[in-house]
Amino acid sequence: MPITKLTRAGVGLAAALAALAGAAQAQDCTTKIGAVLPTSVDWGRPIAETAQFAVDQVNEAGGAAGCRIEMVLRDTQVDPKVGVDAAKALVDLEGVKVLLGAVSSGVSMPILTSVTVPGEVMQMSCCSSSTAFTKLAEEGKTGGLWFRTFATTGVQSAVGAKVAKDQGYGSVAILYKNDDWGQDMARLIAADFAAVGVDVTASVAVNDGQPSYRAEVTEALGSRPDALYLALYPAEGTAAVREWISLGGTQNMILANSLKSDDFRDSVGLQYLGETLGTDTASPRSDSADAFRAAYMARFGKEPNGPGLANSYDAAMIALLAMEAAGQDASGADVAAAVARVTDPGGTPVSADTAGFATAKGVLASGGTVMYQGATGDVRFDANGDVSAPAVVWSFTDGGTEEVEFLSLHDVDTFIASLK
Amino acid sequence: MIGVVSYLVFFATTASILAIAVLGLNLQWGNTGLFNGGVVAFFGAGAYGTLILGGMPQGAHLGGFALFYPLALLGGMALAGLMAWIVGLLTLRLRHDYLAIATFGVAVAFENLVRNAEWLAGGAKGVRGFERPLRAMLGDGFLYNLCFLAVVLLALVATYLFLERLVASPFGRLLRAIREDEEAAQSLGKSPAGVRLTAFVTGSVILGLSGGLYGTFYAFVSPQDVLPTLTFQIWAMLIVGGSGNNRGAVFGAFLIWGAWTASGWALSRFAPVEAQLYTGSVQFVLIGAVIVGMLLWRPRGLLPERLVVSQRGKTPLAKQGV
Amino acid sequence: MIQNLIDGVLTGAYLSLGAIGLTLVMHILRFANFSHAELLSLGAYAALVCDALVSALVPVFAAKLGPLSLTWALTAAIAASMVLTGVSAVLIDRLVFKRLRDKGQELSMVFASFGMALVIRNLIGLIFGLSPQLYSKDIAFAVLLSQDPLILVKPDQVFVLIAALVLMMILHLVLSRTTFGYSLRAVAENPALAQVNGVNLSRTIMAVWVIGGGLAAVAGVFYGLSHQIIPVMGRDLVLPIFAAAIVGGIGSVYGAVLGGFVVGIAGNLALVILPSGYTPSVPFLLILAVLIIRPYGLFGEARA
């Protein structure tokens, strides 16, 4: 096995060099891909920037499927009508075969049912978390065109519960964002806490766009928990945690990956986050995630911390790899079918950067398959387009975040099984 | 080319659905002077009602009655009407601004309810599991969209004709009379409260029809569809088109929705890549500026209300059967 | 429970300040100004810029005052921001609302204010970015007043409450003791008659905007001090402020003050009664309840 793999990698490398040499010629044509993302919201703009960043890297490697890639970005304004119309315009007017987005499940779902599935366009979302997509796929209504790089909420919640147990917290209060992701998260984590024997003293929904989160925080504080679990986004997370700490709430906090954000750390203050642990599905241990991180820092001057950034990068990268694998003039269904070829566990590992993409081009050109090691770890989709991933427990540092504990896919699966 | 036609059919469908909603609001505001700030609640009631009544069983929440589609749609409209009746009884005696805020509150409460009550409407995940009618026969593609557009246009024309006849009827005159001078109408022995309630409920049923068609088109509805933005969009359509004029209402819907989508398209096409990330904010600035500019230079809308002379002065009022 | 009540009073302070300006404008210019809350954002961001300027020019002023997160620099910035916001309010009126008023389009003004709110909010977002900002990153700790029941109060919030009450007192004195106060009320009652009696209408309207804008600026800064500054804060605050003005009765300054506290308390008590997801509905259920009993608010009067 190692020999074949080595040969394959060697062939890949050679082909990659050839591909790099051929890059100039690839610039002659342009293939458009579509992106429908909420660029007018605070957390949406960086997600779009990251997708564009992946596209730029691919263009540095000579583009995909023989052509330079142009990402046509449309704002959804988090309004389903606007998002669906934008998606339809991208498919019909720009002729895209691959669509990245959307973020909110409430926008992704109507796009899927009324634009991409009827139009046979592959849709790859970074961040839509609703379990409704899994159900839709199980009913066979996504036509295999739907993917998301957002690891199912179950991994996050299980690891969150593991942290609480390992830290010896007897009781936890939960603050969750009152949207589809947060509601799922709150339900799952409550069950997981119960399974590991941690009391949930309060589970408080935090609505978007409230002028003050004082009442919600007071409610959680009144239940006097050992620790606080937060499934919030940075804007309301910052407000809630500052309130929490100023009221003397415990600094034992467990964060979902949405709060892995520099803005959040800076606004709350590192001095109050010493006891805070976060969970994420990214795997900073792999070279690939490091490559992504380094390239991202070179480009944006900060770490890729924030909700959905790594997921958005992987969504764009996998879509482009699949386009490369499907070849020129491929249909949306072809590209969707090719996703398996670029996330094949037995394939040649490629990293998440320009060089990785160039390597992949070579391997794919010679008929091989690759295993994309993404910014969120080894991405592997199941039949429903869902992804499962290894997990990591992290904490905040001066420069960003650091890994505290790494759980391989196997560890995660074993732990989840132990909860049942 | 096919792409352009396909997109235009899609665009026209959304615009027509919105135009129906604008017509409903025009009856309430343009003709009767009722400041409904909670348009989206009645629109949402129609959408949720239709999908819950017509959808397949989902287990987790109410619904899955899998009713025959026209019945589900009528049920959605009836739900919107019922809600309007209750809200109207409570709030219609309020003055303009107060009524606007009270109805706005109803819309916020409605969104809150569907977002939180998972047993009722699926919570933040929304309602799915709805099969678009005749999908098995027409497939999912262009043909379906074309047929659906035909149905929506039919509904739009029917609504338009109904409202035109209503406005020209004695009841329509009564509505305008109450809008202009409630006391005068009252002194003529009319009951403004009852008439206002009738107009409010009728307008809301039309909003419900629009919502029902919207839910059908996407085969999905979630709390994100019933945010206050939609109320604002529908109002902008009416104001720009010309309130009090049904043709203006329809025209406004197409124009504003066209401008809304075209500005996004143009920005994504012509703005440089770095600037594209700011297009969302820029678009909202433009939309706000257009509305303000419109009010400054064409305050009565592009197609202003036509002043109707109801009485030629010779026949006594009673004979007209007002 | 007691904690919720106290929190309600403290959050009510900035809602009241916002509602006073809104109620004055609604009463005198007779339109529901949906862009009023954007004046709060404008004020908060103006103060953010001035604060940074003053702190950079005179570093001594950047030191904190006692237990508060307030600094001399920010105090100076508040004053500057009041002026800037007041002037902006007058400019917006001149540019948009006055022109509509001259055409006799009262309801157009309501819609125009929707449009203006969108423009201002998104311009702020374009200039300052969409992420939240803070006057001071340090967290001001609450003081424990009682262990059981748990009662915690933040010094900043007490300051905000006192400062708000002082401002309200000053306004009260101005309105009830000065000629200006009389002319303001005269204009509200009957603009034409007031003019006949020698009240300068356009100057009075200007004064209303300056007062409304100034108070909005203070409210915005106080909000930012208690929570955070974010471009969409106007959108989040517009409804509670409207609720406060309407519950109090439009045109009544005292009503607005009371309304602010009522809305603040209701918002904080809501969680005790309702599941947490329903909190945004509470101000409205309150409005609905008040209006069903008293269609013109607690202190309002019927007016054609």
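All values derive from a computational prediction rather than experimental measurement. Letters A, B, ... mirror the listed sequences (proteins, then strands); counts begin at 1.
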Contacting region of B/Phe284 [heavy-atom separation from chain C under 4.5 Å]
both
How far apart are the C-alpha atoms of B/Tyr98 and C/Ile246, what are their side-chain angles, what is the distance that settles it, and do they pass the side-chain contact (heavy atoms from CB on, under 4.5 Å) test?
CA-CA 7 Å; B/Tyr98 292 90; C/Ile246 286 183; 3.7 Å; yes
Once you round to the nearest 0.5 Å, how far does OG of B/Ser281 lie from CD1 of C/Ile127?
11.0 Å
Looking at every non-hydrogen atom in both residues, tell me the closest pair between C/Ser281 and B/Ala109 and how far apart they are.
OG-CA, 3.6 Å
Look up atom OG1 in B/Thr91 and atom CD1 in C/Ile287, then write down how far apart they are to the nearest 0.5 Å.
12.0 Å
Non-hydrogen atoms of B/Leu295 and C/Leu100 that approach each other most closely
O-CD2, 3.3 Å
For B/Leu286, which atoms come within 4.5 Å of any heavy atom of chain C: side chain, backbone, both, or neither?
neither
Would you say C/Asn122's side chain and B/Val285's backbone share a donor-acceptor pair under 3.5 angstrom?
no
Closest non-hydrogen atoms of B/Ala289 and C/Val119, given as atom of the first, atom of the second and distance, are N-CG2, 3.5 Å
Derivation of the side-chain contact (heavy atoms from CB on, under 4.5 Å) call for B/Phe104 and C/Leu239
CA-CA 9 Å; B/Phe104 191 102; C/Leu239 298 166; 3.4 Å; yes
Is C/Thr279 close to chain B through its backbone or its side chain, or both, or neither, when contacts mean heavy atoms under 4.5 Å?
backbone
Smallest separation among heavy atoms of C/Lys103 and B/Trp297, with atom names
NZ-N, 4.2 Å
Segment of B/Phe35 engaging chain C (4.5 angstrom heavy-atom cut-off)
side chain
Turns out that what part of C/Phe97 lies under 4.5 Å from chain B's heavy atoms comes down to neither
Chain C shares the most heavy-atom pairs under 4.5 Å, among B/Val290, B/Leu113, B/Val108, with B/Val108
Need one label for C/Leu123: side chain, backbone, both or neither, based on atoms under 4.5 Å from any heavy atom in chain B.
both
Nearest heavy-atom approach of B/Val292 to C/Ala112 is CG2-O, 3.6 Å
At a 4.5 Å cut-off on heavy atoms, which part of B/Ile239 comes close to chain C: side chain, backbone, both, or neither?
side chain
What part of C/Tyr278 gets within 4.5 angstrom of chain B, counting heavy atoms only: side chain, backbone, both, or neither?
both
Mind checking whether C/Phe111 and B/Trp29 have parallel, tilted or perpendicular rings, split at 30° and 60°?
perpendicular
Please name the pair of heavy atoms, one in C/Leu291 and one in B/Leu94, separated by the smallest distance, quoted to 0.1 Å.
CD1-CD1, 3.7 Å
